[in-house]
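Just so you know, ligand 1 is whichever comes first in the structure, and atom 1 is the first atom listed for that ligand.
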Amino acid sequence: MGRLYNFSAGPSALPLSVLKIAQSELLNWQGQGASVMEVSHRSPAFVEFANNVKANLRRLLAIPDNYQVLFFQGGASTQFSMLPLNLMGSATSVNYVNTGVWSQKAIKAAGRYGCVNTCAGLVESTGLLSIPPVASWQIDSEAAYLHYTDNETISGIAFDGIPDGINMPLVADMSSSILSEPLDVSRFGVIYAGAQKNMGIAGLTMVVVRDDLLGIANQMTPDLYNYQLMAAGDSMLNTPSTFAWYMTGKLLDWLSEQGGVEAISQINQQKAQLLYDYIDNSNFYSNKVSPKNRSKMNVVFDLGDSTLNDAFLEQAKTAGLINLKGHRSRGGMRASLYNAIPKSAVLVLINYMKEFELNLA
Ligand SMILES: *Cc1c(COP(=O)(O)O)cnc(C)c1O
C-alpha cells in the first residue's frame with residue numbers, strides 16, 4: 001500500500017494497526033455520529049476515554065499514586081520553561097547535565113529564570129563519547145532540582161540507568177525513550193515527554209509530577225503552564241489536543257497488546273544490538289559512542305566516506321527505507337528504532353547497508 005520502512009526520529013512511525021483503527025473510527029467515533037475531533041472534550045464519551053488513557057499510562061509505567069499524570073500542549077520544548085517556573089520555589093539555582101542539543105535547549109530556557117549550574121557534560125576517551133559517573137558531577141546542593149536528558153535523540157547518546165545518589169528532585173526529559181523500557185518512576189520528581197516519538201503524535205506532552213512538588217510555582221506562571229492547576233483541572237483547563245490524546249490512547253492499547261513495556265524493551269534491546277553489532281563489525285560504518293551510553297532508540301552512524309552520504313540515502317529510498325538522514329546539526333546517518341519499528345525493519349536496514357557496502361567494491 002505504498003508505506004515504506006520509516007526510521008524517522010520524530011514525528012516517528014506509528015504501528016500500522018493503530019493507523020487502521022484511527023482510519024476506521026475517523027468518521028464516526030464510538031457511535032457519536034461524529035469524529036473524535038468533532039466532539040466536546042467535556043462530553044462524557046471523551047472524558048471517559050481521556051481518563052482511560054491516563055489509567056493505562058499509569059498501569060504501563062507503574063506510576064505510583066503520589067504522582068499526577070498531566071497532559072499539555074506545546075511540546076517537550078515548552079516544558080523547558082515550565083519546569084523552572086513550577087519547580088524553583090524559593091531556590092535561585094538549578095542543576096543541568098549537558099549531554100547534547102536537547103540538554104542545551106533546556107539549559108538555555110532555564111537560564112531565564114535562575115542560575116543554571118551545568119554540573120556535568122560528555123567526556124571523550126579513546127575516540128568514544130560517554131556520560132561521566134555521578135561521583136564526578138559538580139552538583140549545587142542548594143539548587144531546586146537536577147535535570148537530565150535521558151536520551152539525546154540527535155546524537156544517539158543515552159543514560160544507562162537512572163543517576164544514583166542525587167539528593168534533590170530528579171527531573172528527566174524522556175521524550176525519545178519513554179515507554180521503551182521499564183522505569184522506576186518513584187526515583188523522580190518530574191518526568192516529561194513529547195508524544196510524537198514513542199507515545200503518539202505531536203500535540204500532546206506528558207508530565208508526571210510528584211505531589212509534593214505541586215504548589216510552589218512562580219506567581220508569574222500562566223495558569224495553563226501551572227502543574228498544580230492543571231492537575232486540579234484534569235489537564236482540561238482549556239480545550240486539549242483531543243485528537244493527539246486519542247492517538248496516544250490507541251498507541252497505549254497497542255503497547256499493552258505487545259505485552260507492555262517489559263516485553264517491548266526486550267525487542268528494543270535486540271533491535272539495537274543487531275544494528276550496533278553490524279556497525280561494529282563493519283569496516284565501512286562507524287559509531288563513536290561508548291557502548292554503555294549508546295541509545296537504543298536512535299542509532300547514529302557514519303559512512304567511511306561522507307561523500308557517499310547522498311548516494312546512501314537515495315539508494316535507501318529506492319530500497320524502501322526512508323528518513324535515515326542524521327540531524328542537520330550533526331550530519332551522518334540516524335536510524336530511529338522506536339517501539340513501533342519491528343525487528344524485521346532493522347533486518348531489512350542491515351541488509352541494505354551490507355549491499356551498499358558490497359557494491360562499492
Ligand atoms: C523531540 C525532542 C524534544 C522536543 O520536542 P518538541 O515536542 O518538538 O518540543 C525535546 N527533547 C527531546 C529529548 C526530544 O527528542
Which pairs of nitrogen or oxygen atoms, taken one from ligand 1 and one from the protein, are under 3.5 angstrom apart?
from	atom 1	to	atom 2	distance (Å)
ligand 1	7 (O)	Ala76	N	3.1
ligand 1	7 (O)	Gln196	NE2	2.9
ligand 1	8 (O)	Gln196	NE2	3.4
ligand 1	9 (O)	Ala76	N	3.2
ligand 1	9 (O)	Ser77	N	2.8
ligand 1	9 (O)	Ser77	OG	2.6
ligand 1	11 (N)	Asp173	OD2	2.6
ligand 1	15 (O)	Thr153	OG1	2.4
ligand 1	15 (O)	Lys197	NZ	2.7

Under 6.0 Å between the ring centres of Trp29 and Phe49? yes
Just checking, is any N or O donor in the side chain of Asn66 or Arg210 under 3.5 Å from an acceptor N or O on the other one? no
Using the side chain to side chain donor-acceptor pair (under 3.5 Å) rule, pick out the option among Asp150, Asn298, Thr153, Asn268 that qualifies with Ser177. Asp150
Between Lys288 and Glu124, does at least one N-O distance fall below 4.0 Å, as a salt bridge requires? no
Quick check, are the ring centers of Tyr338 and Phe7 under 6.0 angstrom apart? no
Ring centres under 6.0 angstrom apart (Phe80, Tyr96): no
